[in-house]
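Here the structure is a predicted model, which is why all the values come from computation and not from measurement.
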Amino acid sequence: MQNGPTTTQGARPNRPAGSYAARSKRWPSNASRPDSTNSQSAQSAQRSYERYLALARAEVQNGNTIGAENYYQHAEHYFRSMRPDPDGS
């Protein structure tokens, strides 16, 4: 048995009771988001797709197939987000 003060592993410091309420008042859920055009989001998706492909290829060269698969899955997400919706909306 250990003498002295005991500590609990993983204990978080207590937050003031009103911190969550104050946060929700500052950023209302119904706040309007800045408009983004389809071309901007497509360009962003294209950049992310290319970035994750490059990261995956680097992992393959390093011999890390699990890391490469992770990056390929991220790239696939952005690839799918670049495609138009099948229902045309």
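Shown here are the side chain to side chain contact (heavy atoms under 4.5 Å, CB included) partners of Arg51, two or more places apart in sequence or in another chain: Leu55. By the salt bridge (Lys or Arg N to Asp or Glu O under 4.0 Å) test, Glu76 pairs with Arg80, sequence neighbours left out.
Rounding to the nearest 0.5 Å places CD of Gln46 at 9.5 Å from CZ of Phe79. Interatomic distance, NE2 of His77 versus CE of Met82, reported as 10.5 Å (0.5 Å rounding).
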N/O donor to acceptor pairs below 3.5 angstrom from side-chain atoms of residues 56-65, sequence neighbours left out:
from, atom 1, to, atom 2, distance (Å)
Glu59, OE1, Asn64, ND2, 2.9
Asn62, ND2, Ala58, O, 3.3
Asn64, OD1, Ile66, N, 3.4
Asn64, OD1, Gly67, N, 2.9

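The side-chain heavy atoms of Leu53 and Tyr72, taken from C-beta on, include a pair separated by under 4.5 Å.
The backbone N or O of Tyr78 sits less than 3.5 Å from a side-chain atom of Ser81, completing a donor-acceptor pair.
For the pair Tyr49 and Ala75, the tightest heavy-atom approach, listed with the atom from each and the gap, is CD1-O, 3.1 Å.
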